[in-house]
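These notes are about the structure you will find just below.
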Amino acid sequence: MSDFDYDLFVIGGGSGGVRAARVAAGEAGARVGLAEESRYGGTCVIRGCVPKKLMVFASEYAETVADAGAYGWDLKEGAFDWPTFSKRLNGELDRLEGVYRKLLQGSGVETFDCRATIKDAHTVSLSNGAEKTAKHILVAAGGHPVRPDMANADLGIVSDDIFHMDALPKSILIVGGGYIACEFACILHGLGVEVTQYYRGAQILRGFDEEARGLIAEEMKQRGIDLHTGTNIVDMRCAEKGEEPEGMGVSVQQVGEVVGDSAMMGQEDHGGGTRKGPIWVKATNGNSRVFDRVLFATGRKPNTEGLGLEELGVKLGRNGEIVVDDYSQTAVPSIYAIGDVTDRVNLTPVAIREGMAFVETVFKGNPTPVDHDLIPSAVFTQPELGTVGLTEEAARDQEEIDVYCTSFRPMQTAFIGRADRVLMKLIVSKASRRVLGCHIVAPNAGEMIQMAGIAIKMGATKEDFDRTVAVHPTMSEEIVTMRNPVRSA
Ligand code: NDP
């Protein structure tokens with residue numbers, strides 16, 4: 001028996017922290033404590049993936065109803081009722097939070113509903129005044145969205161606030177071109193909000209395959225999202241009398257009434273900026289416009305401030321992230337860190353993997369580095385982007401490649417005259433014939449890429465794909481029927 005209160009103390013009850021805590025306690029028999037200052041489940045369950053995906057589902061019904069009509073169904077297009085959805089959403093999040101708490105209890109983890117800071121290499125101070133000692137401390141404190149450094153930025157909301165809106169705005173400006181900006185542009189457009197998006201770069205979704213980015217941008221614009229690339233916000237303030245959101249035909253004084261949103265009447269948003277009515281915005285292209293809301297989807301920052309890390313000798317990187325080695329160990333040997341707080345690959349399943357590898361290494365005597373190679377992921381735009389491995393641009397810098405690519409109108413929507421296109425693309429090494437990357441832009445591409453990811457992780461060659469029989473008629477059959485490269489590089 002050690003002299004410490006616990007073998008492990010985890011700071012943060014999100015996906016990574018909860019998994020590490022319950023596996024260490026449940027499977028390795030460790031005495032584990034965990035502190036969470038907000039809600040159990042963290043970003044993914046409470047303010048991210050889960051509520052976002054439910055909003056994706058909600059937003060897709062608009063098209064489904066329209067398409068059903070073209071297919072011969074006699075359906076009446078109704079209106080989306082945010083309060084109905086929001087009530088059910090919050091009920092689901094409460095249920096999931098309960099599941100997370102029960103999982104921890106069930107595996108014998110002692111939980112503390114308070115903030116924890118690190119006092120020394122083996123001690124945490126809790127905001128309830130208690131101090132707890134532990135042989136190991138695991139920081140899994142996650143991250144938070146950030147607004148740009150500009151005057152009045154607090155007039156804008158961030159992704160955390162979306163789920164707490166009393167009502168949907170009529171119009172919104174989304175600033176940013178990453179995952180969150182593009183996903184919410186599609187979601188809110190689907191729910192009937194007039195969406196304008198400003199992205200400062202030449203093309204949205206920087207870092208993804210260029211052809212895939214291009215198609216998604218086209219599809220978003222075609223669906224009605226007013227996307228402006230090479231454009232940023234330079235100035236913002238509360239709209240003045242007479243300045244009105246474009247296309248709404250209502251004056252500033254009327255907007256709160258029309259939208260019926262208490263947050264629009266100058267009250268404090270839940271967790272977000274203070275809204276004082278519509279917002280006047282000036283863009284880099286010289287245009288000024290008024291929007292009901294502005295959403296800053298301008299990146300996230302690790303939650304390391306005020307944890308007491310640097311004072312102890314834990315190294316932080318330029319974005320405030322905790323610097324760790326391959327085993328998630330920090331510069332202070334008893335302190336480890338996993339998930340978004342380390343700003344490696346900020347995805348829930350990766351945080352969970354990092355938590356599991358930490359337990360293997362520290363509590364099961366099996367040093368396990370985290371494998372960050374070939375991680376499949378999806379961007380839940382409409383259409384979705386599913387991706388694994390290298391982009392064409394990164395692969396051709398590395399070696400000679402063949403590119404196999406096809407873009408076509410899928411049967412389901414081509415039948416009713418919609419112009420939607422999908423894209424299937426494989427990047428193949430000329431030397432080894434291994435598939436280095438796969439990029440799919442299509443409805444449900446997230447589901448497809450999970451399967452392709454297995455083959456690619458196993459080292460499948462293009463010829464392995466070729467000898468797999470197609471499932472007909474599907475969109476994804478094209479991934480095994482592309483005979484000739486469209487180009488080599
Ligand atoms: P990203 O880093 O993906 O995107 C941030 C965007 O904001 C970029 O387009 C960036 O532009 C822009 N930006 C940054 N600073 C400014 C500024 N001062 N003014 C204007 N624009 C600015 O961050 P997100 O917040 O969208 O997502 C964070 C992470 O969360 C993702 O990287 C991902 O790991 C994870 N995530 C994953 C999801 C999924 O798996 N489906 C969904 C949502 C999030 P530029 O490109 O020029 O830098």
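Remember, it's 1-based here, ligands and their atoms both numbered in the order they're listed. Below, all heavy atoms of this structure are taken into account, side chains as well, without hydrogens, waters or symmetry copies.
By the 4.5 Å heavy-atom criterion applied to side chains, R344 and S328 are counted as neighbours.
Contacts of R487 classified as salt bridge (Lys or Arg N to Asp or Glu O under 4.0 Å), with partners at least two apart in sequence or in another chain: E211, E392. Qualifying side chain to side chain donor-acceptor pair (under 3.5 Å) partners for D464, counting only residues two or more places apart in sequence or in other chains: T461, R467.
Side-chain atoms of E36 come within 3.5 Å of backbone atoms of G13 as a donor-acceptor pair (strictly under, hydrogens ignored).
Listed by first then second residue, pairs satisfying ring-ring contact (aromatic ring centres under 6.0 Å, His included) with a partner in residues 42-62 number zero, not counting sequence neighbours.
If you look at ligand 1, the protein residues with a non-hydrogen atom under 4.0 Å away are K52, P148, G176, G177, G178, Y179, I180, E183, Y199, R200, R206, N232, A297, T298, G299, R300, N346, L347, A378, F380.
Taking both residues in full, the closest heavy atoms of L426 and F465 are given as CD1-CD2, 3.9 Å, listed atom of the first, atom of the second, then distance.
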